[in-house]
Every structure is written in structure tokens, then in C-alpha cells.
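Both ligands and their constituent atoms are indexed starting at 1 by order of listing. All values below come from the heavy atoms of this structure, side chains included, with hydrogens, waters and symmetry mates left out.
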Amino acid sequence: QSYTDNGIFDIMEMLARGQRQMNLESVDDRVSLLSEYDFIVVGAGTAGCALAARLSENPKWKVLLLEAGGPESYAMDVPIIAHFLQLGEMNWKYRTQPSNNYCLAMKDNRCNWPRGKVMGGSSVLNYMMYTRANRKDYDQWSRLGNPGWSYDEVLPYFRKYEGSLIPDADTGYARPGRRGPVKISYSSYRTPSADAFVEASQQSGLPRGDYNGESQLSVSYLQTTIGNGTRWSSNRAYLYPLKGKRSNLHVKKNALVTKVLIDPQTKTAYGIMVQIDGRMKKVLARKEVILSAGAINTPQLLMLSGVGPAKHLREVGIKPIADLAVGFNLQDHLAPGITILCNSSSLKPSLMLTTEAVGSFLRGQGPMRIPGGVEALSFYALDGNERTKDWPDVELISVGGAIHLNDVLKLTFGIRTDIYEQMFGEESRQQSNAFMILPMILRPKSRGRIKLRSSNPQLHPLIYANYFADPYDLNIAVRGIQQAVSLLDQPAFQAINARLLDKQLPACRQHGRQTSAYWACYARHFTFTIYHYSGTAKMGPQSDPSAVVDARLRVHGIRNLRVVDASIMPYLVAGHPNGPIFMIAEKAADMIKQDHNYV
Ligand SMILES: Cc1cc2nc3c(=O)[nH]c(=O)nc-3n(C[C@H](O)[C@H](O)[C@H](O)COP(=O)(O)OP(=O)(O)OC[C@H]3O[C@@H](n4cnc5c(N)ncnc54)[C@H](O)[C@@H]3O)c2cc1C
């Protein structure tokens with residue numbers, strides 16, 4: 001296919017592609033809702049789409065997938081646009097409760113916690129970074145009393161969904177799947193800072209390698225859930241191919257589930273209440289209700305349905321049916337990102353979003369193919385002892401642009417105007433070339449909590465992030481920053497004149513330049529979430545008072561109710577969770593098929 005150099009034609013072609021994508025979405029209006037299904041899956045996110053697709057492989061089962069948000073569009077699938085999506089209706093727009101310990105540079109001391117509210121869920125809002133995380137993460141889950149979840153046992157489920165196009169991937173035991181529905185590839189475009197990052201990391205002694213392979217401790221260009229330059233959401237991967245082919249799968253968008261119906265005597269889930277077009281409907285489930293509403297909404301729905309900490313439920317006027325630790329064990333990855341000025345070209349909206357850039361995007365090139373500007377990753381075990389030496393605690397994320405180059409980032413992170421001006425105002429006016437390194441803490445020890453604000457399902461729950469409650473987290477965050485800063489001495493970074501942005505946060509100035517105390521103060525201010533909320537319906541045996549679901553993801557003490565999403569992670573994995581959540585959904589689908597004798 002060839003395109004002219006005329007930007008108008010490129011834009012017309014882009015719109016036409018968008019229309020073709022829209023046509024791939026399943027169309028609601030053709031479906032008239034039945035009164036009863038075999039399975040009802042709540043939430044069409046990373047897990048929900050995969051699960052609904054797999055369960056409906058049995059033609060005898062009628063499956064209903066309910067999603068609070070609307071359809072995915074082509075604009076959402078242009079990788080560079082990722083940041084902008086957070087400003088739209090496809091984001092639940094959650095915010096953490098105010099704190100005096102973290103998110104201090106953000107408005108009202110509250111961090112924005114975006115979440116996808118759209119077909120594909122957070123796999124449509126995310127930055128498409130693809131990681132499997134570490135073998136030891138899953139071995140730890142298994143050791144906690146969860147049979148079936150060791151790395152060796154979950155590896156086939158990673159391979160089942162992976163459609164990896166990574167040419168130099170590991171070819172040994174940990175090799176990727178090549179034929180699964182989720183495309184994984186390298187970006188076809190890079191900024192010079194990404195090359196310098198990969199080279200400088202190697203110059204400092206880290207090997208180049210496949211961090212999804214045998215050893216995670218390496219540096220690499222980013223593996224992305226992108227295929228043919230397009231975001232590969234769970235919706236695209238699992239549901240687009242089924243359009244018109246699965247009459248036993250009904251998908252309903254703009255459908256907010258408000259409650260799971262549970263018989264208080266028999267403690268059996270038998271259906272849900274859902275709001276569609278302003279009207280409440282009851283839909284029954286013959287076999288199971290499955291919550292895949294994500295780590296914020298799943299605990300909210302459980303609690304609204306009487307499953308949660310009895311004392312808290314009574315406080316908001318809900319009669320408890322099962323007293324379980326729902327909403328506890330909330331975990332997230334944070335990264336106090338630093339800005340580095342350089343003399344090589346950087347990603348700027350004025351260069352990225354032009355008709356020329358649209359043209360090269362259509363031809364399979366150009367900066368619009370970079371997932372939100374993220375370009376490379378490296379993994380370090382800074383605290384490694386004999387047991388943890390190959391289990392990283394810090395990841396450095398290399399981003400080809402910076403906050404001062406993209407106003408949208410100020411909005412999406414919710415940075416206070418005065419702090420933005422002090423730190424970034426001058427560089428923003430000069431549009432100085434820069435990149436960022438985000439040191440992400442991989443195995444945080446702090447735990448937060450989700451609570452109900454009230455028994456009204458329309459209201460956002462209360463989110464207590466509790467970052468840095470455990471001093472280990474602040475300590476490792478500081479060491480992560482120092483690791484990133486130390487790379488600037490390497491020849492590859494010197495060659496692009498990489499230097500730390502020379503601005504000190506006024507509130508931290510008393511600690512002196514680049515001291516550990518300064519960086520700790522900095523981290524408490526720029527507590528950037530990397531959006532990996534998880535753990536709020538923890539998997540564990542009945543004997544564990546903090547467990548909500550068992551190893552087959554069934555809610556303890558309630559029949560016919562499962563949770564399949566990020567909530568079940570007992571410990572957040574040392575990587576980005578979108579891939580691991582696909583794995584959880586694939587494994588859950590097999591377990592459900594086994595439990596209902598369809599193998
Ligand atoms: C901005 C951002 C960037 C990220 N970047 C990355 C990344 O680069 N790499 C990575 O691996 N991970 C990333 N993540 C995290 C990853 O995308 C999520 O962990 C993952 O998508 C969560 O999957 P899930 O199935 O648990 O929930 P979700 O995908 O969030 O799905 C939940 C779905 O349930 C729906 N829902 C909720 N409540 C109801 C209700 N009551 N009724 C009906 N429907 C409901 C929601 O609208 C949503 O569609 C990012 C996340 C965000 C938000």
C-alpha cells in the first residue's frame with residue numbers, strides 16, 4: 001500500500017482505518033439479554049475478555065460479559081497517545097486519599113489512579129510494557145499454600161496467550177509462545193536516549209538480554225503488547241476475532257454491575273444486578289458469577305454484596321454474608337522519576353502529533369509507534385542475598401520524553417501548578433531536550449486498603465495507597481534513584497551530554513544536593529504510580545485469615561463466586577502485571593472448565 005505525501009490523505013486513511021476497527025467491535029444492540037446465563041463475567045478488562053472468550057469455547061455454555069465502559073476505538077490504539085486517554089471518559093479517574101507521607105507534589109496530596117473503563121479495561125489505558133516478571137514470584141505464590149501456581153506450572157499459560165514476535169527472545173526453557181492471541185513486539189522507532197540507556201547499562205556491567213527469559217537481570221529495549229504498530233488490548237486479542245462467530249457469548253457495554261446476588265442462607269451466588277440505560281436489571285447465573293472488575297472495583301463489588309470485613313460493612317449499613325479480608329493487601333509499584341537533560345532529540349508533542357508523523361505511522365514507522373514514550377527497561381537486585389540474587393527489586397524505565405515537554409503529563413499525574421513551575425517551568429518554556437528514568441520499586445512491603453465510601457455503588461471507593469508505610473520501600477526507592485543517576489557517568493550517556501535537571505524541590509532543599517535524605521524527600525513528593533494496583537482479594541488457603549479466594553480462585557465460604565483479575569495476587573509480581581493477568585485468566589479458564597467437567 002502506498003500513501004501520498006499529502007497530509008490530508010494520510011489523515012483520511014487514518015480515519016478509514018479507525019472505522020474499520022470500529023466495525024470489529026461486537027455490536028451491543030444485536031444482543032437481547034437473556035434472563036439467565038451459565039456464567040456471568042463482570043468486567044471486560046485484561047482478565048475478563050480473555051476469560052469470556054475461553055469459557056465460550058464450550059458451545060453449550062451461555063456466557064455473558066458485562067462492561068461498565070463503552071467501545072474501544074482506533075485512536076485509543078495508537079501507542080503514543082497512551083497518556084491522553086487518561087483525560088477521557090474511558091478512565092474511572094480514581095484518586096488516592098490525601099496523605100502527609102507521599103504524593104506531596106500532587107494536588108491535595110492525592111495521586112491520580114487511572115483505571116480503564118472501556119472494552120479492554122486497563123489494557124486500553126496502559127503503556128503496553130510487556131513483562132512476565134520473575135520465576136520466584138510464582139514460586140512464592142505456590143509456597144504460600146496455592147497449589148498449581150509455581151512458575152513451572154504457570155509457564156504453559158504464559159505461552160498459551162503469547163504471540164511473541166521478539167526476534168532475539170530466549171530459546172531455552174523460558175522461551176515465549178509464538179502463536180497465542182496477544183502480540184508482543186519491539187517498537188520500530190527509538191530515540192537516541194533509549195540507545196544510550198541500553199549502552200550505558202551495559203557499560204556499567206548489566207548484560208543485554210531477554211528479561212522475559214531465563215534471567216530477568218538484564219537490560220533490553222522494551223517488549224510491548226503491540227502488533228503491527230497497534231495496541232494489542234485484551235479486547236483486540238480475544239474478542240475481535242470472535243465477532244459474528246460466538247452466538248453463545250453475549251457482551252453488554254455501558255452496563256454497571258451494582259451487586260452480586262448471594263443467598264444468605266445457602267451462601268450461594270446466583271446472579272447480579274446491573275444498570276443498563278438507567279434501568280436496573282437482574283440477571284441469573286446457573287453456574288457461576290466471576291468478578292474481573294480489577295483490583296479497585298472487584299473488592300468494591302464484593303463488599304457491596306456483603307462479602308468483606310464484617311465490621312466495616314456494618315459501618316456502611318451492609319449486612320455481612322461472609323467475613324473476609326476484602327480490600328486489604330493493596331499493593332502498587334511506584335517510581336520517583338528523574339528528569340535528565342540531553343542534547344539529543346526527544347519526544348515532544350510538536351514532533352509526535354503532526355501530519356508527517358501520521359504518515360510515517362501509516363507506513364509502519366515513526367514516533368507514534370512508541371508506547372507512551374517508554375523505550376527500554378533494566379532490572380537490578382540491589383538488595384540481593386543468596387536467596388534473592390536473581391530476583392530484582394528495582395527496575396529502571398527509560399522514557400524518551402519528559403514532563404516539561406508534555407503538558408498532559410502534568411494533568412495526568414495531577415502535579416501542583418506551583419511545584420510544576422518551580423521544577424519544570426523554565427525547561428518547559430525552552431522546550432529543552434530531555435528524557436526520564438523512572439526507578440520502579442518491584443517488591444514493595446507497604447500495604448494499602450480499599451474501603452467503601454458508602455453502600456451506594458455509584459460512588460468511588462476510598463483508596464488508601466499507604467506508600468512508604470514500610471521504611472524499606474523508601475530506602476529502596478532512594479537506592480533506585482541513585483542507581484539511575486550513577487548511569488549518567490557512563491560514556492554512552494556522556495556522549496549525549498546527559499545531565500540531571502539542576503532544579504531542587506524547594507521543600508527538600510534543606511537536605512542538600514543529591515543526598516539520600518534529599519532523594520527520600522523527592523520520592524515522597526514525586527510518588528508516581530506505575531498503575532499496578534493489585535492484591536485486594538488475595539489468593540490463599542482457608543487457614544490464612546488474609547485470604548479471600550482459594551487457589552482455584554473461588555471466594556472462601558461462598559459457592560459459585562470466583563475472582564479472576566489483579567486482585568488475587570498475594571504478592572505483586574516483580575514486573576508489569578498485564579501479562580501475568582492474562583496468564584491468571586488463561587489458567588482460571590482451564591480450572592473452571594475442569595470444575596464443570598469440560599476439558
Ligand atoms: C495508565 C496505566 C498504565 C499501565 N501500564 C502498564 C504497562 O505498561 N504494562 C503492564 O503490564 N501493566 C500496565 N498497567 C497495569 C495493567 O494494565 C493492569 O494491571 C491490568 O490491565 C488489570 O487487569 P484487570 O483485568 O485486573 O482489570 P482491568 O483491565 O482494569 O479491567 C476491569 C474492567 O472491569 C470493568 N468494571 C469495573 N467495575 C465494573 C462494574 N461494576 N460493572 C461492570 N464493569 C466493571 C472496568 O471498566 C474494566 O473494563 C497499566 C495500567 C494503567 C491504568
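With a 4.0 Å cut-off on non-hydrogen atoms, Ser123 touches ligand 1 through its backbone and not its side chain. In Pro371, neither the side chain nor the backbone holds a heavy atom less than 4.0 Å from any atom of ligand 1. Looking at Ala255 against ligand 1, only its backbone comes within 4.0 Å, counting heavy atoms. Residue-level proximity to ligand 1 for Tyr130 is absent, since no heavy atom of it falls below 4.0 angstrom. Heavy atoms of Val257 found under 4.0 angstrom from ligand 1 belong to the backbone as well as the side chain. With a 4.0 Å cut-off on non-hydrogen atoms, Val274 does not touch ligand 1 at all. Here Gln86 has side-chain heavy atoms under 4.0 Å from ligand 1, and that is the only part of it that gets that close.
Backbone and side-chain nitrogen or oxygen atoms of Ile530 are examined, and none is located within less than 3.5 angstrom of a nitrogen or oxygen of ligand 1. Residue contacts with ligand 1: Asn578 is placed with a nitrogen or oxygen under 3.5 Å of a nitrogen or oxygen of the ligand (distance criterion only). Taking only nitrogen or oxygen atoms, main chain and side chain alike, Gly579 does not reach within less than 3.5 Å of ligand 1. Residue contacts with ligand 1: Lys117 is placed with no nitrogen or oxygen under 3.5 Å of a nitrogen or oxygen of the ligand (distance criterion only). Note: an N/O pair closer than 3.5 Å links Thr46 and ligand 1 by distance alone.
Between Gln331 and His532 the shortest side-chain heavy-atom distance does not fall below 4.5 Å.
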- Message: Run Glu57 and Lys593 through salt bridge (charged side-chain N to carboxylate O under 4.0 Å, His left out) and show every step you take.
- Response: CA-CA 10 Å; Glu57 282 170 354; Lys593 286 175 177 173; 2.6 Å; yes
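The aromatic ring centroids of Tyr138 and Phe158 lie less than 6.0 Å from each other. Trp113 has its ring centre less than 6.0 Å from the ring centre of Tyr533.
Summarising the local packing, CD of Glu36 is surrounded by more than 12 heavy atoms from other residues, nucleotides or ligands at distances under 6.0 Å.
Distances below 4.0 Å separate heavy atoms of Asn297 from the following atoms of ligand 1: 37 (C), 38 (N). For ligand 1, the atoms lying closer than 4.0 Å to a non-hydrogen atom of Arg115 are 18 (C), 19 (O), 22 (C), 27 (O), 30 (O). Residue Leu256 has at least one heavy-atom neighbour below 4.0 Å for each of these atoms of ligand 1: 40 (C), 41 (N), 42 (N).
Classification of Lys445 and Asp473 as a salt-bridged pair fails, no side-chain N sitting under 4.0 Å from a carboxylate O. Electrostatic pairing of Arg54 and Glu586 counts as a salt bridge here, judged by a charged N lying under 4.0 Å from a carboxylate O.
Residue Trp92 is tested with Leu125, Asn297, Val118 for a side-chain contact (heavy atoms from CB on, under 4.5 Å); the sole match is Asn297. Shown are Leu217, Leu442, Leu396; of these, the side-chain contact (heavy atoms from CB on, under 4.5 Å) with Tyr380 is made only by Leu396.
With sequence neighbours left out, the ring-ring contact (aromatic ring centres under 6.0 Å, His included) criterion links His250 to Tyr37.
Of all protein heavy atoms, the one closest to atom 47 (O) of ligand 1 is Glu67 OE2, 2.7 Å.
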